Peer 1: 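Dumping the structure here so I can ask a few things about it.
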Amino acid sequence: MPKKTDSIWVTHLFDGGWATEFGPTFYGSPNNTGELRMPFLQTAQNVYFELDGGPHKVGGTTAFNATATGAADNITGLFDYWRMGTTYASTQKRLAFSNGTLYADNGAGAFTSIKAGLASAGVPAFSVFDDICVFSTDTVGEVPQSYNQTTEADLAGSPPAFSFSCKHKNKLWGAGVATLPSRLYYSIDNDPENWTGVGSGSIDIDPDDGDRIVGLISHKDNLWIFKGPYKGSIHRISGSSPTGADAFARITFIEGLTAVYHNAIFRFGDDVGFMSPWGTTHSLNATAQYGDFIQSFLSLPIDSYVRNEINLSRLKYAWAVNDPTRGRVLFSVPGAGQNNNNMILSMDYRFGITPPRWSRWPAFSFGSLAMMRNASGVSIMHGGDYIGKVWLMDQSTRSHNSASISMAVKTPALTYGNELITKTLEGVSLGIAPKNNNNITFGWQADSNTEQTVSVNQDAGSGVLDTMELDTDTLGVNQFVPRFSPLGETGGDGRSFTYQITDNINSSDCEVHNIGVKITPTGESWEN
């Protein structure tokens, strides 16, 4: 039987992200150097992960447009439109769709209406071909629009009333026509305003199968077509021309799986990902290798959450956007019972394993997301909210719209390899990169007892550099120190311990790389 003197120091390392599928308990033991790698977290709220797995509070925001487009405007579409022209002098327009109006920015933080009178409930789509930005929505009967940074007009050439479009093989392809929901249209070569000339045409994708085309993407020399939202199927178009030796040909990729809508399809790495009508997330590569087996789902760790805590009936308004500079995809989605997107789910794919690491960001309610270049030429994620504002994300100030960003990280219940043995918690430490002189709240719960907490001061001292912005991070990140807190008799006894780190202070950064605890086994206990 262990004795009271057999105390051990355990350093907990973060080896996984947020997961709801793995149960509340981890039964692993520390290794011979006292390290315990936690494969998942019960909570990872408003955090991203450093490369060693440590959670770091997400960046804050700054407003792009000082004046809202409207006090109750829902910005449900954002797009970064660049026009090359003929002199290498490229020009930028940031576009926003809100309450039936299409806006373009003036380059100085203000939006001007370029097209009003569209249906406000339409799901927007943007594409660029032949230097023209093509804009459309899924409102029945609305004509696709064109904008060349000077003139906004109905798209010329009698195009079909498609809901979304994409470029592929020197043509513009469109789908989502209400009267012909399974028909895929394509323009002539190099002209998005000619849909009737030689070289244009259409392809029917399994018509009258109970589904409609819900999304398109060009990837690896093929055009991928997603049908849904009921049975689900994915198809690909090979070939380069309507006729001849390399004529277009349709191949069914898989049945029983699809994207929820076109704005939920995204590129990442050497792959294409998509969120399904059921809230789960998939990729073409994983689907090609494993089919629709649940083990291949990118969202496997959080599938019970997305099934039960997302409003699937409003999921077509979700946005999924890759941020390749940070190795993560952000999904702006509506929670259960919500009509608007009231949270972001973050999928970190940098760790080279499947499934990726997930976290949940309830601090942000964004009707749309887009990677757009800022005034310094840096690509930054932007979010459009429901009060007429566009926000630059990943800013060094940990605040959004003047409100605090509440960070919370919760470990599984840790038995240290044996739930029969009771233990006493005698001291804790946080391995942090101090950012300021604010407190972090560290909590612990023995079994099902009430959680106890202690305040741990970051104690960055006079050398704190958190106010000096270097893109989105600070020079202070290079510092790493443990902060110790002896607990004495207040630590409590239990078979397992759960730890939680929180920081609710406005404009306060927090970066944690490990949790250390001193525990002393106190013997076997058969009491329930």
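Heavy atoms only: backbone and side chains are in, while hydrogens, waters and symmetry mates are out. The structure presented is a predicted model; accordingly, all values stated were derived computationally and were not measured.
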Peer 1: Salt bridge or not between Asp509 and Lys57? Use side-chain N to carboxylate O under 4.0 Å.
Peer 2: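 Judged by the 4.0 Å cut-off on N to carboxylate O distance, Asp509 and Lys57 do not form a salt bridge.
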Peer 1: Check the angle between the aromatic planes of His56 and Tyr48 and answer parallel, tilted or perpendicular using the 30° and 60° thresholds.
Peer 2: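 Parallel, since the angle between the ring planes stays under 30°.
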Peer 1: Would a line drawn from the ring center of His282 to the ring center of Phe297 be shorter than 6.0 Å?
Peer 2: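 Close enough - the centres of the two rings lie under 6.0 Å apart.
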Peer 1: Would the Phe97 and Phe126 ring centres measure less than 6.0 Å apart?
Peer 2: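 Not close enough - the centres of the two rings lie 6.0 Å or further apart.
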Peer 1: To check you understand the geometry: which heavy-atom pair defines the closest contact between Ser379 and Arg373, and what is its length?
Peer 2: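 Taking Ser379 first and Arg373 second, the nearest heavy atoms are OG-CG, 3.7 Å.
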Peer 1: Taking all heavy atoms of Thr258 and all of Ile234, pick out the closest pair and write down the distance.
Peer 2: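 Between these two residues, the closest heavy atoms are CA-CG1, 4.2 Å.
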Peer 1: Side chain of Lys410, backbone of Ala408: donor and acceptor closer than 3.5 Å?
Peer 2: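 The answer is no, because no donor-acceptor pair under 3.5 Å joins these two groups.
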Peer 1: Testing the basics here: between Met343 and Leu345, what is the closest heavy-atom pair and its distance to 0.1 Å?
Peer 2: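 Looking at all heavy atoms of both residues, the closest pair is SD-CD2, 4.0 Å.
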Peer 1: Take the angle between the ring planes of Phe442 and Tyr499 and call it parallel below 30°, perpendicular above 60°, tilted in between.
Peer 2: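 Because their plane-to-plane angle is under 30°, the rings of Phe442 and Tyr499 count as parallel.
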Peer 1: Could you check whether Asn436 and Gln458, counting side-chain N and O atoms only, form a donor-acceptor pair closer than 3.5 Å?
Peer 2: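 Present: a donor and an acceptor within the cut-off.
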Peer 1: For the residue pair Arg357 and Phe351, would you count it as a cation-pi contact if the rule is NZ or CZ under 6.0 angstrom from the ring centre and within 45 degrees of the ring axis?
Peer 2: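 Here Arg357 passes the 6.0 Å and 45° test against Phe351.
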Peer 1: One pair to check against ring pair (Phe, Tyr, Trp, His ring centres under 6.0 Å): Phe266 and Phe331. What are the steps and the verdict?
Peer 2: CA-CA 10 Å; Phe266 56 92; Phe331 302 81; 5.5 Å; yes
Peer 1: Among Asp459, Asp503, Asn457, which one satisfies side chain to side chain donor-acceptor pair (under 3.5 Å) with Asn439?
Peer 2: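 Of the listed residues Asp459, Asp503, Asn457, the side chain to side chain donor-acceptor pair (under 3.5 Å) partner of Asn439 is Asn457.
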Peer 1: Minimum heavy-atom separation for Pro229 to Asp211, with atom names?
Peer 2: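 Answer, listing the atom of Pro229 first, then Asp211: N-OD1, 3.5 Å.
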Peer 1: Would you say OH of Tyr230 has more than 12 non-hydrogen atoms from neighbouring residues, nucleotides or ligands within 6.0 angstrom?
Peer 2: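 Counting other residues, nucleotides and ligands, OH of Tyr230 stays at 12 neighbours or fewer.
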Peer 1: Between Ser399 (side chain only) and Gly60 (backbone N and O only), is there a donor and an acceptor less than 3.5 Å apart?
Peer 2: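 Flag not set: sc Ser399 to bb Gly60 has no pair under 3.5 Å.
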Peer 1: To check you understand the geometry: which heavy-atom pair defines the closest contact between Ile501 and Ile515, and what is its length?
Peer 2: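 Taking every non-hydrogen atom into account, CD1-CD1, 3.8 Å.
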Peer 1: Kindly say whether Thr411 contributes a backbone atom to a donor-acceptor pair with the side chain of Gln42 at under 3.5 angstrom?
Peer 2: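 A pair under 3.5 Å: yes.
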Peer 1: Ignoring hydrogens and angles, state whether a donor on the side chain of Asn322 or Tyr349 is under 3.5 Å from an acceptor on the partner side chain.
Peer 2: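 Yes - a donor-acceptor pair under 3.5 Å links their side chains.
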Peer 1: Rounded to the nearest 0.5 Å, what's the gap from CG on Leu430 to NE2 on His513? Could you check?
Peer 2: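 Reported to 0.5 Å precision, the distance equals 11.5 Å.
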Peer 1: Is there a side-chain contact between Phe497 and Leu414, using heavy atoms and a 4.5 Å cut-off?
Peer 2: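 A side-chain contact under 4.5 Å is absent here.
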Peer 1: For the CZ atom on Arg350, are there more than 12 heavy atoms of other groups (residues, nucleotides or ligands in this structure) within a distance under 6.0 Å?
Peer 2: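 Above 12, so yes.
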Peer 1: Quick check: Tyr305 with Trp358 (ring centres under 6.0 Å apart)?
Peer 2: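 They do not qualify: ring centres at least 6.0 Å apart.
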Peer 1: Determine whether Trp18 and Pro301 make a side-chain contact, defined as any pair of heavy atoms from C-beta on separated by less than 4.5 Å.
Peer 2: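 Trp18 does not reach Pro301 side chain to side chain.
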Peer 1: For the pair Asn437 (side chain) and Ala460 (backbone), establish whether a donor and an acceptor sit closer than 3.5 Å, ignoring hydrogens and angles.
Peer 2: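 Present.
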Peer 1: Going by distance alone, is a donor N or O of one side chain under 3.5 Å from an acceptor N or O of the other, for Thr422 and Asp493?
Peer 2: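 No pair is found: no donor N or O on one side chain lies under 3.5 Å from an acceptor on the other.
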Peer 1: Side-chain contact test, heavy atoms from C-beta onward, threshold under 4.5 Å: evaluate it for Thr498 versus Gln500 and give yes or no.
Peer 2: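 No, side chains not in contact.
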Peer 1: Test your reading of the model: is there a side-chain donor-acceptor pair from Asp394 to the backbone of Gly59, 3.5 Å cut-off?
Peer 2: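 No: the side chain of Asp394 does not pair with the backbone of Gly59.
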Peer 1: Do we see a donor-acceptor contact under 3.5 Å between the side chains of Thr424 and Thr522?
Peer 2: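 No - no donor-acceptor pair under 3.5 Å links their side chains.
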Peer 1: Checking side-chain polar atoms at under 3.5 Å, does Ser304 have a donor or acceptor matched by the opposite partner on Glu21?
Peer 2: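 Result is yes, a qualifying pair exists.
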Peer 1: Can you tell whether the side chains of Asp209 and Lys227 come within less than 4.0 Å, N to carboxylate O?
Peer 2: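 Yes.
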Peer 1: Establish, from distance only, whether the side-chain atoms of Ser7 and Thr520 form a donor-acceptor pair under 3.5 Å.
Peer 2: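 Distance-only check passes for Ser7 and Thr520.
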Peer 1: Within the distance-only criterion (no hydrogens, no angle test), does the side chain of Arg495 pair as donor or acceptor with the backbone N or O of Ser525 below 3.5 angstrom?
Peer 2: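 Side chain of Arg495 to backbone of Ser525: a pair is present.
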Peer 1: Hey, is Asp138 close enough to Lys316 for a salt bridge, meaning N to O under 4.0 Å?
Peer 2: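 Lys316 and Asp138: salt-bridged.
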Peer 1: In the structure I gave you, are the side-chain heavy atoms of Tyr317 and Pro334 within less than 4.5 Å of one another anywhere?
Peer 2: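 They are not in side-chain contact.
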Peer 1: Taking His262 for the side chain and Pro124 for the main chain, is one N or O donor matched with an acceptor at less than 3.5 Å?
Peer 2: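 Confirmed, His262 side chain pairs with Pro124 backbone.
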Peer 1: I'd like to know if the side chain of Asn222 and the backbone of Trp224 have a donor-acceptor N/O pair within less than 3.5 Å.
Peer 2: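 Looks like no, no N/O pair under 3.5 Å.
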Peer 1: With a 4.5 Å limit on heavy-atom distance, are the side chains of Ile380 and Gln395 in contact?
Peer 2: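 Yes. Closest side-chain heavy atoms under 4.5 Å.
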Peer 1: Can you find a pair of side-chain heavy atoms, one from Leu487 and one from Val428, that are under 4.5 Å apart?
Peer 2: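 Yes; the side chains approach each other to less than 4.5 Å.
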Peer 1: State whether the side chain of Asn263 and the backbone N or O of Trp319 hold a donor-acceptor pair below 3.5 Å, judged by distance alone.
Peer 2: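 Here the side-chain-to-backbone pair does not exist.
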Peer 1: Ignoring hydrogens and geometry, is there a side-chain-to-backbone donor-acceptor pair from Asn340 to Asn342 under 3.5 Å?
Peer 2: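 Side chain of Asn340 to backbone of Asn342, a donor-acceptor pair under 3.5 Å: no, none is there.
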Peer 1: Tell me which one of Ile75, Thr61, Thr62 satisfies side-chain contact (heavy atoms from CB on, under 4.5 Å) with Trp391.
Peer 2: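 So, applying the side-chain contact (heavy atoms from CB on, under 4.5 Å) to Trp391 and each of Ile75, Thr61, Thr62, only Thr61 qualifies.
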Peer 1: Rounded at 0.5 Å granularity, tell me how far CZ in Arg326 sits from CZ in Phe49.
Peer 2: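 Arg326 atom CZ to Phe49 atom CZ measures 16.0 Å (nearest 0.5 Å).
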Peer 1: Would you tell me whether Ser359 and Trp361 have side-chain atoms, one donor and one acceptor, within less than 3.5 Å of each other?
Peer 2: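 Short answer, yes.
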Peer 1: Check step by step if ring pair (Phe, Tyr, Trp, His ring centres under 6.0 Å) holds for Phe366 and His400.
Peer 2: CA-CA 12 Å; Phe366 289 149; His400 171 54; 5.5 Å; yes
Peer 1: Can you name the nearest heavy-atom pair linking Asn311 to Asn339, along with the distance?
Peer 2: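 Heavy atoms only, the tightest pair is ND2-OD1, 4.4 Å.
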Peer 1: Given Phe274, which partner from the list Thr281, Leu284, Leu298 fulfils the side-chain contact (heavy atoms from CB on, under 4.5 Å) test?
Peer 2: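 Among the candidates, only Leu284 passes.
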Peer 1: Is the closest side-chain heavy-atom distance between Asp385 and Ser365 below 4.5 Å?
Peer 2: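 Asp385 does not reach Ser365 side chain to side chain.
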Peer 1: Can you find a pair of side-chain heavy atoms, one from Arg483 and one from Pro434, that are under 4.5 Å apart?
Peer 2: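 A side-chain contact exists here, since the closest heavy-atom pair is under 4.5 Å.
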